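Here's the structure we're looking at; comments come further down.
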Amino acid sequence: MYPQNYAPWGQRSLQYWRKIHEELFKKWLEEAGLTFDINTKVVCEEFKVVFQ
């Protein structure tokens with residue numbers, strides 16, 4: 001689990017990230033017949049552009 005101050009998506013907080021993504025995850029999982037809640041594991045990946 002990431003610490004509360006971990007925010008690879010900029011200067012936003014983890015609470016902000018959860019707020020804007022919770023509805024999206026609920027929708028996607030509902031379409032697959034699954035549910036999302038605060039205990040659902042979410043994988044966070046970080047990418048670095050190496051060529052453009």
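Predicted model only: the values in this text are computed from it and were never measured.
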Report the residues that fulfil side-chain contact (heavy atoms from CB on, under 4.5 Å) with Asp37, sequence neighbours left out, ordered by chain and then residue number.
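With neighbours one apart ignored, the set is Asn39, Thr40.
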Considering only distance and modelled atom types, tabulate donor-acceptor pairs under 3.5 Å from the side chains of residues 19-29, sequence neighbours left out.
from  : atom 1 : to    : atom 2 : distance (Å)
His21 : ND1    : Trp17 : O      : 2.9
His21 : ND1    : Trp17 : NE1    : 3.4
Glu22 : OE2    : Lys26 : NZ     : 3.0

Please list, chain by chain and in numerical order, all residues satisfying side chain to side chain donor-acceptor pair (under 3.5 Å) with Glu30, sequence neighbours excluded.
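Side chain to side chain donor-acceptor pair (under 3.5 Å) list for Glu30, sorted by chain: empty.
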